[in-house]
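Only one structure is covered here, and it is reproduced in the block below.
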Amino acid sequence: MPELPEVEAYRRLAEATALGRRITAVEAPDPWFLKGGLAAAEVVAALVGSRLVAARRRGKLLVLDTDRGRALGLRFGMTGRLVVDGTAGVGRLLYTSGRDDPGWDRFALRLARGGRLRVNDPRRLGGVVLDPDEEALGPDARSATAAQLGAALAGSAAPLKARLLDQTRLAGVGNLMADELLWRAALLPTRPAASLLPAEGRRLHRELRRTVELLIERGGSHLGDLIPHRLPGGTCPRDGTPLRRATVGGRTTWWCPSHQR
DNA sequence: ATTGTGGCCTGCCCGC
DNA sequence: TGCGGGCAGGCCACAA
């Protein structure tokens, strides 16, 4: 599903194909997809006639800046895909259809010379905002320093995984990447966030950086080494131990009871 | 403030 | 063969 690696792929797609192009029209057929009471007419007034000048990402939020100072914020939920001129930002997403049904196009920008930038989202869990509050998000997981990661975990009795998923503390880690990261860092998801020893904190930061880069390179949050084994009967690909499954931080969580401590 | 829970959304998969 | 129930998780509202 769209976590940091997928949204980074969307960002690169938008940057490569849409920058410099003028917005000629806005298609907003689904009022539900416009968040915070936003009206389609407001989006039209803010964007039509302007030109896309930057494609940025913070966590799972994609921000498209225009030359008139307004910014479009796109969220992809669990099943949202970005498609520009018929080219999709990623191949497959886990937990969703492989089809590209036009009826699932929830929002689109028509671009000069006949192109289209659209969000195709079967489950409608994504959304659109104008001038998103980027400061409400924590530091981006790709560039977070060890000190920033430490601050995100400090003083918290919540499960480590819950804190990693808290987008206001650290932006970009979703459920699949959290399981992959903790498996690689050999840390139990249920550990109190503030219980990490200094060496464990350094290890978590090192594995966060590595995991994010690896999954961006592979092209998806579901392309980790643990993820294929997150199934009933699955075993740890490192040591063969049967994986455990439970709900942690409100999400289905899989881990190796042997090497994750 | 912190932490946990439930609901939203809907395509897909499993068992009957 | 069709049907119904459960499942997936990002995000938000709400409660304790």
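In what follows, chains carry the letters A, B, and so on, assigned in the order in which the sequence lines appear, proteins first and then strands, with residues in each chain numbered from 1.
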- Message: Taking A:Leu165's backbone N and O only, do any of them form a donor-acceptor pair with A:Arg169's side chain (distance below 3.5 Å, no angle check)?
- Response: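 No; judged by distance alone, with no hydrogens or angles, the pair does not exist.
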Categorize [X] for me: base, sugar-phosphate, or nothing, with a 4.0 angstrom heavy-atom threshold over every strand shown.
X: A:Pro192; result: nothing
X: A:Arg106; result: nothing
X: A:Gly250; result: nothing
X: A:Thr79; result: nothing
X: A:Ala162; result: nothing

[X] has an atom [atom1]; how far is it from atom [atom2] of [N], in whole Å?
X: A:Asn175; N: C:dC11; atom1: CG; atom2: P; answer: 12 Å
X: A:Leu170; N: C:dC11; atom1: CG; atom2: P; answer: 13 Å
X: A:Trp32; N: C:dC12; atom1: CH2; atom2: C1'; answer: 9 Å
X: A:Leu74; N: C:dG10; atom1: CG; atom2: P; answer: 18 Å
X: A:Asp133; N: C:dC12; atom1: CG; atom2: C1'; answer: 15 Å
X: A:Arg245; N: C:dG6; atom1: CZ; atom2: C1'; answer: 11 Å
X: A:Lys60; N: C:dG10; atom1: NZ; atom2: P; answer: 4 Å
X: A:Leu231; N: C:dC7; atom1: CG; atom2: C1'; answer: 13 Å

- Message: Under a 4.0 Å threshold between the charged nitrogen and the carboxylate oxygen, would A:Glu27 count as salt-bridged to A:Arg116?
- Response: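 So A:Arg116 pairs with A:Glu27 through a salt bridge.
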- Query: Can you pull the contact range of chain A along DNA chain B, 5' to 3', using atoms under 4.0 angstrom from its heavy atoms?
  - Reply: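 With heavy atoms of chain A under 4.0 Å away, the range is B:dT2 to B:dC12.
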- For A:Val173, the option from A:Val212, A:Leu208, A:Asp166, A:Leu4 that meets side-chain contact (heavy atoms from CB on, under 4.5 Å):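 Looking at A:Val212, A:Leu208, A:Asp166, A:Leu4, the match for A:Val173 under the side-chain contact (heavy atoms from CB on, under 4.5 Å) is A:Leu208.
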- Query: Mapping A:Gly155 and A:Arg123 onto DNA chain B by nearest heavy atom, which one lands closer to the 5' end?
  - Reply: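 The 5'-side residue here is A:Gly155.
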- Message: Using every non-hydrogen atom in the two residues, find where A:Leu181 and A:Glu207 come nearest and quote the distance to one decimal.
- Response: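 Heavy-atom minimum between the residues: CD1-C, 3.5 Å.
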- Item | Pair of N/O donor and acceptor under 3.5 Å linking C:dG10 base with A:Arg75 side chain |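 Under the 3.5 Å cut-off, the side chain and the base do not form any donor-acceptor pair.
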- Please state whether the base of C:dA8 and the side chain of A:Arg251 form at least one donor-acceptor pair under 3.5 Å?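 Checked by distance alone, the answer is no.
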- Message: Could you walk me through whether A:Asp85 and A:Arg118 satisfy the salt bridge (Lys or Arg N to Asp or Glu O under 4.0 Å) test, starting with their C-alpha distance in whole Å, then the side-chain angles of each, then the deciding distance to 0.1 Å, before giving a yes or no?
- Response: CA-CA 9 Å; A:Asp85 301 343; A:Arg118 62 190 168 92; over 6 Å; no
- Message: Testing the 3.5 Å rule here: is there a donor-acceptor pair between the side chains of A:Thr66 and A:Arg70?
- Response: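 Not at all, the side chains of A:Thr66 and A:Arg70 share no donor-acceptor pair under 3.5 Å.
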- Message: Here's one to test your reading of the geometry: is the NZ or CZ of A:Arg238 within 45 degrees of the ring axis of A:Trp183 and under 6.0 Å from its centre?
- Response: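 Relative to the ring axis of A:Trp183, which defines the angle, A:Arg238 lies inside both limits.
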